[in-house]
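Remember, it's a predicted structure, so these values are computed and weren't measured experimentally. In what follows, every chain begins at residue 1, and chains take the letters A, B, ... in the order their sequences are listed.
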Amino acid sequence: MSLSPSLKKLDLEKYGSLLALGVLFVLASIVGRPYFLRPENLINVMRQASYTGIIALSMTFVIISGGIDLSVGSLAAFVASCGVLFMNLLVKATGGNETLAIAGGVAVMMGLGLCCGALNGLLITLGKIVPFIVTLGTMSIFRYLSLQMANAGEFASHSQRFGEFGMAKLFAFKAGESSISLPVPVAVLLALAFILSFVLTRTRYGRYLCAVGSNARVAQYSAVRVGRVRFWAYAINGLVIGISAALLAARFNTVSTPNFGLSFEMDAIAAVIIGGTAMAGGRGSVWGTVIGVFMLQIIQNMLNMAGLSPYLQGVVKGVVIIGSVYIQRQKQ
Amino acid sequence: MSLSPSLKKLDLEKYGSLLALGVLFVLASIVGRPYFLRPENLINVMRQASYTGIIALSMTFVIISGGIDLSVGSLAAFVASCGVLFMNLLVKATGGNETLAIAGGVAVMMGLGLCCGALNGLLITLGKIVPFIVTLGTMSIFRYLSLQMANAGEFASHSQRFGEFGMAKLFAFKAGESSISLPVPVAVLLALAFILSFVLTRTRYGRYLCAVGSNARVAQYSAVRVGRVRFWAYAINGLVIGISAALLAARFNTVSTPNFGLSFEMDAIAAVIIGGTAMAGGRGSVWGTVIGVFMLQIIQNMLNMAGLSPYLQGVVKGVVIIGSVYIQRQKQ
Amino acid sequence: KRIGVSMPSATHGWMGNANWWATRAKTDWEARDKNVKIELKFSGTVNQQVSDIEDLLVKKVDAIVVFPHDTSVTSVVEKAYEQGVYVVVLDRGVSKEGIYDVYITNDDEAYTRKGMEWLAKQMGFKGNLLLITGIPSPIDTIRTDTIKEVCKKYPNIKILDVQPGDWNKQKSTTVMENYLQKYKQIDAVYTADDDMMLGAMQAYKESGRKDIKFFLGGGCLKSVIKEIMDDSNPLVKADVTYSPSVIATSISYGVIGAKGDKLNPYVYQVRALPRRVILPSELVTKANAKDFYVPEAPF
Amino acid sequence: MGDVILRAERINKDFGGVPVLKDVDLEVRRGEILGIIGENGAGKSTLMKILSGIYQPSSGRVLVNGEPARIGSPIEARRLGLSLVPQEFNLIRDLPVYDNVFLGAELLTRAGLLDKEAMKARTRELLAQLSVTIDPEARIEAMSAAEKQMVEICKALAFSARVLIMDEPTTMLTKVEIEVLFGLVRKLRAEGMTVIYISHKLKEVKALCDRVVVLRDGEIVHDGPAEGLSVLEMAQRMVGRELGSIFPPKSEPGAEIVFEARGVTVPGSFEDVSFELRKGEILGFAGLVGAGRTEVAEAVLGLRKRTAGEFYKDGKLLRIEEPADAVAAGISYLSEDRQGSGIVTGFSVAQNVTLVSLGDYCRSALRLIDRKRERERVQGYVDSFRIKTESLSKRLENLSGGNQQKVSLAKSIDTEPEVLIVDEPTRGVDVSAKHEIYVFIGELARKGISCVFISSELEEIIGMCNRVVVMRDGKVAGVLEGDGIDEERIMFYATGAHEEVAS
Ligand SMILES: Nc1ncnc2c1ncn2[C@@H]1O[C@H](COP(=O)(O)OP(=O)(O)OP(=O)(O)O)[C@@H](O)[C@H]1O
Ligand SMILES: Nc1ncnc2c1ncn2[C@@H]1O[C@H](COP(=O)(O)OP(=O)(O)OP(=O)(O)O)[C@@H](O)[C@H]1O
Ligand SMILES: [Mg+2]
Ligand SMILES: [Mg+2]
């Protein structure tokens, strides 16, 4: 798999997560027979996981810093709405230069995401309000702003290309009868995981993030600018949400304001925690989160493939989540 | 107000919460003029707040212990479904002795709540799985079990009296042209707040709860049975959820499995945090949570009364939540 | 033949009913025909729904019935259609024409129009009206706009307030309690579905007031139809169909389509079935209530 | 002596209206070792925190190199070349040693990334200078208090400071380590570094420092060269009154064996440790840092899983799985790591003291905490140990280090144990309070309570104990008794010299 070289970077403590993922994979291969192991399905699983997965990556930063961000889903909706609106304007203004329009739209989404994330960060660090409350508030604010803008409707993009870009694949090649390829969002997920993991483990900022999350007072006494470190966790999160929002909007080629990004916060947080990051902050790993993301999606996919009754699916899902984390904890 | 004697018990640190509540109250009186200050409206606000409010009380325990419980809403639905089913059985078996049936039904709800809460507690303490994951799993399990039982439908109670009990009021008396009275759920909320606050501040268990949440290692070295203390936080939470579920089921005299208790977890956690309990555990106050519960409900009521457009309401709501907590934090 | 069904999971009574109808259609069809296998997927979010549909496609179903959360499913539906899967789309629609075999829908506009016209008549074309709407969303906007439009014809009917009840009984009870504080004279209450109507009525009962004469919801919850049939509640005299059984009908279309059967030998079309089906919304009163009473339905 | 490098002028500091420092004037010269001594709660740590930017003075100013400096945060202090070894550990438990050592002053590669190898190498070097064997990649979480102390010293040395402030660095260390540390400090002085040294071990102050400043109740009451100032004088200046003999006379233990450990092994920590404890006996545990004394105590409490061995109390086999069982069996423990496992810093004095013994305060029908009795009892400890606090509801994080230690001790004896295990009981406690504690423990022994006395201060061990178990590398190296207890013999076993003799 494409992960393996990077997985070596995981220290032994993360071994449990890998083991749990492995067990789950085997289970899914059996339960989801014969569909689960088909290449298209595995690619589907990866793509399905990638939109919230991307957000989970930067959520890892936020949680390591000792915070939480509930506003991610609403923020994605808001950012995507503004981005698509701007893109449509550009399409008109440039007389149909879609490449430029898409670039502009995506830039707006990322820029606005950064700003909104920075707003969260400012309220938390300067306003000294706990992250849970700040992001609970902005969750409501961003969602209703988008609803207001669209009158609870949707923004369809006027660019055909944008939609094609959302479905694009990289390195497609034939393997036997089916073609294997890497969908763009999965590539983005892996690239971002690589970058963020690098930042976390190899840069000063990453070190400070752990220090601040583990013990903010000690960090402060050690001449770390605690406020700044936390601020950037939220700002980076905003930026990454912008990226995810762009990919998701491209996939649907439309932004439906009531539903876009709904309950992303829970999915992202769950993936982070399953990936072994401590809820209280201080330590965690980006690749662990990637594993958490895939674990959650594999569980869902496996149950779908097994064709259980929907209600039973919900019950089994709960059991499997608890079970996999149990395996993981035992082996640590 | 009926709170004032107990409020004296709050130490100075909670002063900020009271101030924020006061500011909010004045704001609501102005914005929601002339409806907000009417006695019936104030009673409404209290009753509306009480169902999640009751759960928020015991959620305070869970959060002080350093944990979290996401399963509260689903647990309420599950417990209420089973309780109503049992009650209907009893009505038939006893040939219409409703008092007995209601007593039986409520007992089942409370007992089952305790057991389910205990299950959460066991998985967390013995299974050594983090609370977020355990309760995320049981959230799914309990909800889908109820859906399965009812085929996603509802359980209507066959007892007329149960419904009347849900609407009952205590100490009704005339005051001018309108009658003032204390709805049962509000009375239960206040009574439970009194009891739980008492447990938290005056008993050994309460002290241990804070110690465990504050520094589990010190607590362990101090011969506190950390696992047991945490276990009971979840078990008590389950019991209290049973009470809230009984009141809510009685109010509608029916349990609609898809939406009974939906998103209670967020409301309850938000109230706890707004009430000044630290997300990381270690300290908190039950009366603070009561204040948080009322603050959230007053915000909602005020916006409704002001008759803002729904979208604007959502935006303003977010701003007001952040604003009130800001006031509160500044004064601490 | 295998048919996949993807729809939102139950978070309110109407959708609970729809889930039940889907289950019922599955049992009926599988009992009727050994070769038919129907797989149900209920999803909480549109993202989950898209994943569900993709998973169904991996399983190579022959037909797919989609009750979308919103139009975001368009591209995956298109993919299914291009793969030659028989596609039935209902209700909330896709944003592109011609990527389905059958499109079946309730008529949101007629649904509110019929109800509102009836209510206006009952009110004697005058009085104070309150609205409780659903979760802000496109269909909710259509409905609200239609009501406002109808009311414009009757200048004596005054819409006092519009607030969302989120298709949630408890929320709607709260909204109604607030209304009751605010407005001293209310003549009628229109709620976007029966679930919310029951919540609102609960608040009204608890208040002990006597001014409201009519409650109107919609969507035909069992208990409401029963009351209309028995004429047991003076406040509720009518309902409008917005049938949750639409999903069962759609599944039937899916099955027929997958088998390649023709619905009607007299209709000649490219792909055997009509492309668009709009289910009428009908007014339910005491006179016809028993036709709409399904005792075994959950709601 | 050199010119004045650091000068504090008319520093005042109060916490919520309670003055802690009153008009303090302090001069520090380049290249000197300045000793600061004073009773617990005199304001030493507060003054140092002001110098290193953690607190802001209520009034007064600080001059660095003759120029007024605003030390608004630790960041600015660091920029001015001031480095602090704080009294309480300031380490991130989730990070490895080398990250802690370089936190806030990371070594970077050219590309701006963390240069982990360089940091590890430098950490190893620093640790070697201190002659300790700690793996730079070990996690703080799994370390003994003494090791944390060493890391803390490394952290202060890691960047080139001009003024090094050490707030009680030796409380956890044994003589050997202390000598190494002093050698290092003297070497740094020779290289021109200025050192401010705070300690309650007056002999060390006398041995190390050039000048001594005595702080009493927030005021400087003495400032003069160390030479010619005897230890006794220092103590008198601190306390303001005469001091008698510091150790109480030893009492004779009874003959019956109250507690016994037989062949206890905790893998990776110690093996085959046996000892017995008589009624009214004070049994010392001596050894170098990391010898495994603390772990023996923790094993007795059920905090560490043992693979072999049993414990007996009054001849009966004990079943101890967790500390609660030990407490029920009448065993009580005072932890060496005050903030890590001893006290809840967010709790008040009263809440901390009664944390273990809370059950005794819940005897009413409703099982409520008898707050009146709680207050009375705690007030008793506050008086007898002279715990300096404005009220019983003051939170522990706002107490001075020594006073926290006293609270911790009060907590472990409030259960009225039959077997008391104290681990570094006088850590950070001033001379007069030390005396009170010794007398108190002596009293307990006289009353028939047996005590395991773990300490790194040989003087204490020699002055207090009836018998001494000396540990080395997780094994009992020897047991000394009566007149046989002296420094030479203890060190003989503790350093492993006996093994060489034997071979
Ligand atoms: N943050 C604070 N809030 C309130 N009071 C404080 C705070 N910090 C210190 N104090 C008080 O200031 C006084 C001096 O404390 P400080 O820590 O400076 O003493 P010290 O001389 O270092 O004592 P020790 O030898 O015990 O370490 C103590 O009485 C303490 O209670
Ligand atoms: N939680 C732990 N996990 C792993 N190793 C530990 C842990 N605690 C201590 N150790 C190791 O056990 C060894 C013995 O530590 P211990 O605290 O028992 O020593 P000690 O004799 O009490 O000395 P001192 O108290 O002076 O440090 C140390 O080398 C330490 O690294
Ligand atoms: Mg000090
Ligand atoms: Mg030790």
Side-chain angles (χ1 to χ4, degrees), chain A residues 66-68 70-71 74 123 127-152 257 265-266 269-270 272-274 276-281 292 309-326 328-330 332, chain B residues 66-68 70-71 74 123 127-152 257 265-266 269-270 272-274 276-281 292 309-326 328-330 332:
Chain A
I68 198 162
L70 301 174
S71 72
S74 308
L123 284 168
K128 296 201 170 59
I129 314 174
V130 288
F132 186 92
I133 301 289
V134 167
T135 56
L136 185 76
T138 52
M139 169 159 87
S140 184
I141 294 173
F142 292 136
R143 175 68 64 191
Y144 281 95
L145 275 180
S146 338
L147 288 173
Q148 171 84 55
M149 279 163 54
N151 205 1
T257 50
E265 61 281 356
M266 267 308 175
I269 296 172
V272 173
I273 305 296
I274 290 180
T277 297
M279 188 79 190
S309 99
Y311 305 134
L312 216 53
Q313 253 188 45
V315 177
V316 175
K317 185 175 173 183
V319 173
V320 176
I321 289 178
I322 295 178
S324 359
V325 176
Y326 183 75
Q328 175 176 339
R329 292 292 180 271
Q330 297 314 302
Q332 261 177 19
Chain B
I68 198 161
L70 300 174
S71 71
S74 310
L123 285 168
K128 295 203 170 55
I129 314 173
V130 287
F132 187 92
I133 302 292
V134 168
T135 57
L136 185 76
T138 52
M139 169 158 88
S140 185
I141 295 174
F142 292 136
R143 173 68 64 193
Y144 283 94
L145 275 181
S146 344
L147 287 173
Q148 173 83 57
M149 278 163 53
N151 220 336
T257 50
E265 61 282 356
M266 267 306 175
I269 297 172
V272 173
I273 305 295
I274 291 182
T277 297
M279 189 80 189
S309 96
Y311 307 135
L312 217 54
Q313 259 187 43
V315 177
V316 175
K317 183 174 172 182
V319 173
V320 176
I321 288 177
I322 296 177
S324 359
V325 176
Y326 182 74
Q328 176 178 339
R329 293 290 180 270
Q330 298 313 302
Q332 259 174 21

Leading residue by heavy atom contact count with chain A [cutoff under 4.5 Å; candidates Thr138(B), Ile269(B), Ile68(B)]: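 Ranked by contacts with chain A, first place is Ile269(B).
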Out of Leu147(B), Val130(B), Ile321(B), which one racks up the most heavy-atom pairs below 4.5 Å with chain A?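 Between Leu147(B), Val130(B), Ile321(B), the count favours Leu147(B).
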Using non-hydrogen atoms only, which part of [X] is less than 4.5 Å away from chain A: side chain, backbone, both, or neither?
X         : result
Leu312(B) : both
Pro310(B) : backbone
Ser309(B) : side chain
Leu136(B) : side chain
Ala270(B) : both
Ala152(B) : both

Among residues at least two apart in sequence or on other chains, which ones pass side chain to side chain contact (heavy atoms under 4.5 Å, CB included) with Ser74(A)?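 Ser74(A) satisfies side chain to side chain contact (heavy atoms under 4.5 Å, CB included) with Met139(A), Phe142(A), Arg143(A) once adjacent residues are dropped.
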Min side-chain heavy-atom separation Asn151(A)-Tyr311(B) under 4.5 Å: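 Asn151(A) reaches Tyr311(B) side chain to side chain.
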If you compare all heavy atoms of Gly67(B) against all heavy atoms of Pro131(B), which two are closest, and at what distance to 0.1 Å?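 Looking at all heavy atoms of both residues, the shortest contact is CA-CG, 4.0 Å.
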What pair of heavy atoms forms the shortest contact from Val315(B) to Leu145(A), and how long is it?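 Reported closest heavy-atom pair: CG2-N, 3.8 Å.
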Out of Leu70(A), Leu123(A), Ile274(A), Val320(A), return the one with the most heavy atom pairs under 4.5 angstrom to chain B.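 Ranked by contacts with chain B, first place is Ile274(A).
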Given the options Gly323(A), Ser146(A), Ala278(A), Ser140(A), which has more heavy-atom pairs under 4.5 Å with chain B than any of the others?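 Option with the top pair count is Ser140(A).
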The criterion is ring pair (Phe, Tyr, Trp, His ring centres under 6.0 Å); which residues satisfy it with Tyr144(A), sequence neighbours excluded?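 Counting only residues at least two positions away or on another chain, Tyr144(A) forms no ring pair (Phe, Tyr, Trp, His ring centres under 6.0 Å).
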